[in-house]
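To start, the structure itself, in structure tokens.
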Amino acid sequence: MNWCEYPGSWIGSEVLQNYGCRMASGLWVTFELVAVSVAIGFALALGLSVARLYGPRWARPAITGYTTFLRGTPLLCQLFLVYYGLGQFRVFWQDVGLWWFFREPFYCAVFTFTLNTAAYQAEILRGAIQSIPRGQFEGALSLGLHRWATLRLVVLPQAMILALRPLGNELIVMIKSSAIVSLVTLFDLMGATRLAFARSFDLSIYLYAALIYLVLVEIIRRVWDRLELRLSRHLALR
Amino acid sequence: MRNFVRFIAAAALTVAGATGALAQAKEWKEIRIGTEGAYPPYNNLNAKKELEGFEIDYGNLLCEKMKVKCTWVVQDWDGIIPALQANKYDVIFAGMNATEERRKQVDFTAVYSKTPIWMIGPKSTKSDDISPAALKGKSIGAQGSTIHANYVEKFYKDSTARLYPTQEEANLDLLNGRLDYIVADALALADFLKGQGKDCCRKIAEVKRDDAIHGAGVAGAVRKSDTALRDMISKAIAETMADGSHKKLEDKWFKYE
Amino acid sequence: MFDKIALLGFGPGGWGLALLQGAANTISVALATLPFGLALGLVIALWKRSDKVVLRAAATIYTTVFRGVPELLTLYIIYFGIQVLLQKVWTGFSIPPFVAGMVALGLVLAAFSSEVWVGALNSIQRGQREAASALGLSKAQAFRLVVFPQLIRVALPGLGNNWMVLLKETSLISVITLQDIMFIATRANVVTKEPFLFFGSAMLLYFFFSLVSAWGIGKLEQRTHRGYAAFGGATR
């Protein structure tokens with residue numbers, strides 16, 4: 001018996017035993033996909049927010065256009081266009097030497113998810129930075145801090161407090177959105193669950209999947225609470 | 001706000017009352033038929049959002065023979081059996097094969113359609129051999145949640161099985177060069193080879209039906225408790241087979257070429 | 001190329017009307033869900049910050065459950081599960097898909113928006129509430145006149161995101177027979193074999209809704225920022 005079949009046999013659930021391995025590999029796909037894309041997306045979103053603040057004048061409408069388009073269209077359509085749409089230009093990608101990237105569903109998914117989450121995170125960061133009173137920027141300027149120091153020491157710590165919970169929301173939304181990758185033959189946790197149901201018709205497999213998602217969300221919630229306490233440790237008791 | 005709530009409650013009660021009347025009709029004067037609307041030529045939606053296809057015509061024909069009134073309900077494939085069990089409709093006509101697995105949940109009427117299964121691939125494919133050994137290491141595409149997916153996963157363990165949400169996406173990947181083969185219903189593939197796949201691909205071979213995986217053929221699904229309904233429909237199916245009306249519809253909708 | 005555009009038109013064989021009807025379904029479910037989800041979210045947020053342990057625990061469990069469980073499951077439970085339960089009591093009962101969709105999406109929106117509301121509530125200094133009580137305002141008045149205007153300013157970007165996510169999430173209602181944009185697009189694709197045309201059109205329709213929403217939220221943000229010198233641009 002494989003290691004992934006043990007939970008099923010301990011609980012005594014036949015369907016979990018039969019499909020436990022698929023669910024485990026689905027969970028791994030979800031984890032890989034979300035971890036990579038949210039991390040790179042966050043870095044990208046930070047960069048975009050800085051560009052919006054301090055960049056050239058054309059940067060602001062360009063970035064707003066990017067975030068509006070990527071937030072405004074369904075992730076499913078975006079993934080479809082990247083995988084099936086760009087995939088039609090196989091000869092071009094082979095010439096450019098990038099076919100190894102666009103051929104693989106996982107890379108296409110990471111690419112699409114990163115762009116998408118960066119757009120949402122950029123909007124969250126923008127809202128947080130804009131809520132910071134102008135006095136903070138003026139104070140930093142009068143202290144002689146240059147832009148990078150202002151960002152690092154004054155703006156971002158305050159912005160992150162405001163942005164934290166919406167960013168937590170975004171992480172959870174991404175975890176659940178990873179279900180879309182069944183469009184491109186990858187099976188995440190939800191995809192594996194639907195497959196298990198389609199074959200066994202046992203509704204309890206959905207229950208086990210829901211429990212796994214709940215555990216994930218609970219872990220994130222606790223981590224987030226810790227982060228919030230740490231970030232706002234300088235504030236008086238609210 | 002209160003009025004809104006009252007309106008919703010009234011609407012819910014009206015719908016409940018209407019369906020209540022239907023559910024009590026155990027003498028089966030009216031039947032609600034569930035279908036998917038996304039599987040031509042069996043059933044699909046046209047631009048006016050009306051259902052059309054072999055099963056629509058055939059279902060209406062059966063209802064005529066049984067002298068009952070039929071209404072059609074569109075339901076997504078994943079929830080099609082749970083919706084039947086939740087009494088959203090009474091029978092499923094959705095190109096559903098009568099497999100052993102499904103028989104554990106629902107009962108099936110007599111079979112009314114049985115089409116061959118093909119394997120297709122690029123024109124450049126050298127051999128016509130489709131045994132598991134010959135396809136070792138190749139990628140084979142099929143539509144997920146279908147008997148074809150089960151077939152590929154069971155018999156082609158050394159090949160990479162790629163499962164797609166619809167047949168169209170599998171076809172696209174074959175065109176894009178990500179797949180080596182596709183296994184699917186002959187009707188859907190014939191359509192593809194005549195249209196998009198005309199220049200790129202050809203039929204490699206016909207797949208031998210395995211009764212355990214492929215089941216007996218396409219049949220209507222009913223709840224296990226509705227044995228009277230099942231027998232009524234099976235009787236009507238037999239009648240249409242005998243008087244030639246079934247063949248007429250098949251010729252109209254099933255074009256292999 | 002032009003005959004492909006005809007597929008989107010309103011003539012015979014043109015899916016234009018069907019797509020527009022799908023768009024109407026999408027936007028009406030989203031609009032019906034919004035007030036329900038936001039109001040419930042605010043209530044949950046207030047519970048999360050209350051003194052009573054029971055309320056805090058209930059709110060936390062609610063948020064964890066409805067953020068964690070995939071919306072598809074919530075929808076299935078409300079559409080199929082509750083119907084199966086209630087049919088034991090009242091045979092022939094059938095939940096209309098619109099109501100099921102609205103309730104399921106509303107419960108999920110409440111969970112996500114409660115997080116945004118809590119973040120915003122946390123940003124309001126205690127001094128504000130103390131001053132309000134010193135002025136003799138009741139708790140309800142304090143909330144309405146002092147806290148809420150400041151709250152909405154901070155919460156709006158996060159709630160805007162929630163709305164954008166909700167608009168896309170309405171595509172789930174296709175699994176319970178409500179014919180929204182994605183439903184029509186996939187059915188049209190299956191018949192006409194033109195995926196890029198129809199998924200492209202679906203994208204444009206959603207994009208249009210989002211543009212209008214972004215404009216509306218932008219206007220709201222401007223209004224809530226009245227009287228605040230916010231930093232939107234660069235200073236050298």
Side-chain angles (χ1 to χ4, degrees), chain A residues 53-55 60 64 68-69 71-78 80-81 84-85 88 120 123-124 126-138 141 155 161-166 168-170 172-173 176 179 190 193-194 206 209-210 213-218 221 228 232 235-238, chain C residues 49 60 63-65 67-73 76-77 81 112-113 115-116 118-127 153-154 156-158 160-162 164-165 167-168 171 181-182 185 195-196 199-200 202-204 206-211 213-214 221 225 228-235:
Chain A
L53 268 182
Y54 291 126
R60 233 173 295 151
T64 310
T68 314
F69 184 72
R71 288 197 316 156
T73 50
L75 184 58
L76 184 85
C77 296
Q78 292 165 14
F80 187 90
L81 280 181
Y84 293 105
Q88 293 200 313
Y120 278 98
E123 277 300 295
I124 293 172
R126 174 193 70 88
I129 292 177
Q130 275 185 335
S131 298
I132 296 177
R134 191 186 283 187
Q136 297 287 318
F137 291 89
E138 290 168 353
L141 206 58
V155 177
I161 301 178
L162 285 170
L164 197 63
R165 283 184 182 259
N169 270 358
E170 174 61 17
I172 293 175
V173 167
K176 291 198 281 182
M190 195 59 189
T193 312
R194 287 168 91 160
Y206 275 125
Y213 275 109
L214 282 179
V215 168
L216 281 175
V217 170
E218 181 63 16
R221 184 186 73 83
E228 195 174 42
S232 49
L235 294 176
L237 285 172
R238 294 168 256 99
Chain C
R49 288 171 45 96
T60 312
T63 312
T64 306
V65 167
R67 282 201 308 170
V69 173
E71 290 83 1
L72 184 68
L73 287 185
Y76 273 162
I77 291 174
F112 279 103
S113 68
E115 280 294 289
V116 175
V118 167
L121 280 168
N122 283 348
S123 75
I124 299 191
Q125 299 129 347
R126 186 190 261 200
R153 180 179 71 92
V154 179
L156 202 54
N161 254 10
N162 284 350
M164 294 297 217
V165 172
L167 263 182
K168 275 20 130 330
S171 63
I181 298 177
M182 285 312 283
F196 298 106
F199 284 137
M203 274 183 92
L204 284 176
Y206 278 109
F207 188 47
F208 170 72
F209 284 137
S210 307
L211 278 178
S213 308
E221 276 188 15
H225 270 85
Y228 283 90
F231 188 74
T235 27

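Every value quoted in this text rests on a predicted model; they were computed, and no experiment measured them. Every chain is numbered from 1, with letters handed out A, B, ... down the list of sequences. Values reported hereafter were calculated over all heavy atoms of this structure, with side chains retained and with hydrogens, waters and symmetry mates removed.
A:Leu162 touches chain C through its side chain: at least one heavy atom from C-beta onward sits under 4.5 Å away, while N, CA, C and O do not. For a residue to count as touching a neighbouring chain, one of its non-hydrogen atoms must lie under 4.5 Å from one of that chain's; by this rule A:Ile161 does not touch chain C. Of the two parts of C:Phe209, neither the backbone nor the side chain holds a non-hydrogen atom closer than 4.5 Å to a non-hydrogen atom of chain A. Contact of A:Gln88 with chain C is made through the side chain alone, with heavy-atom distances under 4.5 Å. Proximity to chain A is limited to the side chain of C:Thr60, based on heavy atoms less than 4.5 angstrom apart. Looking at C:Leu156, there are no atoms closer than 4.5 Å to chain A (heavy atoms on both sides), in backbone or side chain.
Between A:Tyr84 and C:Phe196, the gap from one ring centroid to the other reaches at least 6.0 Å.
Panel note: side chain A:Tyr206, backbone A:Thr193; no donor-acceptor pair is recorded below 3.5 Å. Although no hydrogens or angles enter the test, the distance criterion places no donor-acceptor pair under 3.5 Å between the side chain of A:Lys176 and the main chain of A:Tyr213.
Most heavy-atom pairs under 4.5 Å with chain A, from the set C:Ile77, C:Val116, C:Val118: that is C:Val118. Across A:Ile124, A:Val217, A:Asn169, A:Thr68, the residue that shares the most heavy-atom pairs under 4.5 angstrom with chain C is A:Asn169. No other option in C:Thr63, C:Leu72, C:Leu167 has as many heavy-atom pairs under 4.5 Å with chain A as C:Leu72. Ranked by non-hydrogen atom pairs under 4.5 Å with chain A, the options C:Pro157, C:Ser210, C:Gly119, C:Pro70 are led by C:Pro70.
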- Just do the side chain to side chain contact (heavy atoms under 4.5 Å, CB included) check on A:Arg221 and A:Ile172 with the steps written out, would you? CA-CA 10 Å; A:Arg221 184 186 73 83; A:Ile172 293 175; over 6 Å; no

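A donor atom on one side chain and an acceptor atom on the other are found under 3.5 Å apart for A:Gln78 and A:Thr73.
Here A:Glu228 pairs with A:Arg165 in a salt bridge; the nearest charged N to carboxylate O distance falls below 4.0 Å. Ion pairing of C:Glu221 with A:Arg126 is present here, as a side-chain N (NZ or NE/NH1/NH2) and a carboxylate O approach within less than 4.0 Å.
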